[in-house]
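Here's the structure we're looking at; comments come further down.
Indexing begins at 1, ligand by ligand and atom by atom, following the structure's order. The model shown is predicted, which means the values in this text are computed figures rather than measured ones. We're numbering straight along the sequence, starting at 1.
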Amino acid sequence: MPLYLFNTLGRELQEFKPLEPGKVGFYGCGPTVYNYAHIGNLRAYVTHDILVRSLRRLGYQVTHVMNLTDVGHLSGDSDTGEDKMVKSAEERGKSVLEIASYYTDAFFKDTERLNIIRPTVVCKATEHISDMIALIERIEQRGYTYRAGGNLYFDITKFPTYGELARLKLEDLKAGARIDVDENKRNPHDFALWFTKSKFENQALTWDSPWGRGYPGWHIECSAMSMKYLGEQFDIHAGGIDHIPIHHTNEIAQSEAATGKKWVNYWVHNEFLVLDKGKMSKSSGNFLTLQSLIDAGYDPLDYRYFLLGGHYRSQLQFSFEALDSARNSRKALVDRLFFLADKCSDLPEAWKEGEFISEKAKSYQEAFNRAIAEDLSTPRALAELWGLIRDTELEPAEALRIAFDMDLVLGLGLRELLQAPRAEQQLDSETVKEIEALITERSAAKKAKNYQRADEIRNMLKERGILLEDTPQGTTWRLIL
Ligand code: AMP
Ligand code: ZN
């Protein structure tokens, strides 16, 4: 079944055809590691994950490359503002590299908890400065640059298709609204390839280059690293929609200026996750992390399930009510799978390959495949999973087998959940008794309006990985998975 992706370049659904049969080169812009990823950022990485999983399930050998930005990203994408890494390091009294290392670890902890498969290649900007310099030299040799105020800039007027991805018109850009305060630029949309005259006296990391000691602009890292690991032309590039007008537009201009060839065939952009209060941004501090959801008692996979409920190209509004409903659905899903598993006489048979599967069961699988093939429609895919596991005409074993196959794309860890003993069963009876006694004590404390003790008990249990849930029928407990 062919895969159709909505290509931002052209703004239409296009059949995916790889450059090399059976193989896919995919680059997704990674995080700037100056702070925790917020749950909006994580939407971007779940989207990349769904794309990679879908391609692999279709049989492609995918090389997934992701960068880590640890230098050169200013608070404004168009070379304005302060250096994000330096600012964060100063505020926290640490070195830039310490900050990068801490938030890189935090990032991968989050992605792991969300069942995001680690990219094939993860590359740090600071470890690829010589690749960036070599690429900038090629751009310079082909006449696309100018020096001003000690920095090296890309001249967008030399690149006639500049802005095609974002449907910007070069004419309008020339007349352009002032988006930038850098007086060195001939055109406000020109962008820095290399800074030598740092705007910041305390620039932490600098390197020698043909243009003097300094550091790279933000955009060049993605061009240099993607080409290094995927070649000068590759299949798919992804990121959030905020990257269309500046970051990805500039990446295309400089890459194609350097090689004289088309760079990337398909551009996939995820819409934003928004809060009721509006935009979530790392720099404003107004953001939720995955850890904050866990602290509020959610499982990271509840958040993944919530994300799957929206199409990646639709804006998604986050609220705790919506997350509650995702949690309830995921719980019902897992319960239903356990119910089916209980009905299988020999559970391992459920995941044996190549056995008879009814036409009806296959029809769910095919509908699921169609949903994914039509621009990764996870909401429709989830609906097919539900249809499958609720269909009482199917053999439990075949339903389970297909559910696990669907989960290769959804990444909800269903097989693992079912194969692991139920969390409650892992506790010995003494511990269970102890938990129940504490719950009784907490209920009494609440009745006596001793909320301090009640909270103390809740927190004490939470620290041990046990979550209390107050329901109209009383307090229940479960292990935080
Ligand atoms: P950053 O670390 O700021 O470079 O962002 C990492 C990724 O998250 C990029 O692909 C952004 O486009 C994406 N992104 C940023 N904010 C959001 C959001 N609220 N919702 C979805 N994606 C976002
Ligand atoms: Zn990038």
Side-chain angles (χ1 to χ4, degrees), residues 8 26-51 65-77 81 83-85 88 99-100 103-104 106-107 110-111 114 116 119 122-125 128 132 135 165-166 191 216-230 234 236-255 263-264 267-290 303 306-307 310-318:
T8 308
F26 167 55
Y27 184 89
C29 290
T32 305
V33 283
Y34 71 106
N35 201 341
Y36 294 107
H38 60 57
I39 57 172
N41 299 133
L42 293 171
R43 183 180 195 198
Y45 303 111
V46 168
T47 304
H48 300 182
D49 189 53
I50 296 292
L51 174 61
V65 179
M66 186 179 84
N67 64 310
L68 296 172
T69 301
D70 51 2
V71 65
H73 194 177
L74 310 189
S75 54
D77 285 352
D83 184 304
K84 293 187 180 191
M85 295 297 302
S88 171
I99 288 293
Y103 288 113
T104 299
F107 175 74
D110 282 351
T111 57
L114 284 168
I116 293 174
V122 175
C123 40
K124 292 182 188 173
H128 293 78
M132 296 184 216
L135 190 64
L165 181 77
F191 55 94
W218 171 41
H219 317 295
I220 197 71
E221 66 172 271
C222 290
S223 296
M225 293 194 276
S226 62
M227 286 194 208
K228 175 164 182 161
Y229 295 105
L230 297 170
F234 60 93
I236 311 177
H237 193 314
I241 46 155
D242 55 325
H243 285 341
I244 300 171
I246 301 176
H247 184 50
H248 289 164
T249 288
N250 293 349
E251 282 186 27
I252 293 174
Q254 66 198 6
S255 302
W263 183 43
V264 170
W267 286 86
V268 172
H269 289 102
N270 65 277
E271 248 292 354
F272 263 38
L273 176 89
V274 292
L275 296 180
D276 346 21
K277 282 177 247 135
K279 198 174 169 242
M280 188 162 357
S281 97
K282 278 194 215 175
S283 32
S284 71
N286 166 31
F287 68 88
L288 287 169
T289 59
L290 188 65
Y303 182 58
F306 162 78
L307 289 178
H311 188 269
Y312 77 93
R313 280 197 299 116
S314 305
Q315 200 177 77
L316 194 56
Q317 177 135 5
F318 178 83

For ligand 1 and [X], I'd like to know whether there is a polar contact (N/O to N/O, distance under 3.5 Å).
X: Thr32; result: yes
X: Tyr45; result: no
X: Gly40; result: yes
X: Leu273; result: yes
X: Cys29; result: no
X: Asp242; result: yes

- Task: Mark the output for Glu271 as yes if a heavy-atom distance to ligand 1 is under 4.0 Å, and as no if none is.
- Result: yes
Check ligand 1 against [X] and write out every atom of the ligand that is under 4.0 Å from a heavy-atom position of the residue.
X: His243; answer: 9 (C), 10 (O), 11 (C), 12 (O)
X: Gly239; answer: 10 (O)
X: Ala44; answer: 8 (O), 10 (O), 13 (C)
X: His38; answer: 16 (N), 17 (C), 19 (N)
X: Pro31; answer: 2 (O)

Any sub-3.5 Å donor-acceptor pair from [X]'s side-chain atoms to [Y]'s backbone N or O?
X: Thr289; Y: His38; value: no
X: Asp110; Y: Phe107; value: no
X: Tyr303; Y: Leu290; value: no

Any non-hydrogen side-chain atom of [X] less than 4.5 Å from a side-chain atom of [Y]?
X: Ser223; Y: Met132; value: no
X: Thr69; Y: Glu221; value: yes
X: Pro31; Y: Tyr103; value: no
X: Ile39; Y: Phe287; value: no
X: Val268; Y: Tyr312; value: yes

*asked:* Show, in sequence, the C-alpha distance, side-chain angles and deciding distance for Phe318 and Phe306, and conclude whether the side-chain contact (heavy atoms from CB on, under 4.5 Å) test is met.
replied: CA-CA 9 Å; Phe318 178 83; Phe306 162 78; 3.9 Å; yes
If we count only N and O atoms by modelled type, under 3.5 Å, do the side chains of Tyr27 and Asn67 hold a donor and an acceptor together? yes
With a 3.5 Å cut-off and no angle check, do the side chains of His237 and Glu251 form a donor-acceptor pair? yes
Quick look: Asn270 vs ligand 1, heavy-atom contacts under 4.0 Å, and the answer is side chain
From the list His219, His243, His269, side-chain hydrogen bond (donor to acceptor under 3.5 Å, both in side chains) partner of His248 resolves to His269
Shortest non-hydrogen pair, Tyr45 vs Asn41, comes out as CD1-O, 3.1 Å
Counting only protein N, O or S atoms and ignoring waters, those under 2.8 Å from the Zn ion (ligand 2) are Cys29 SG, Cys222 SG, His247 NE2, Glu251 OE2
Of Phe318, Phe272, Phe287, the residue with the heavy atom nearest atom 16 (N) of ligand 1 is Phe272
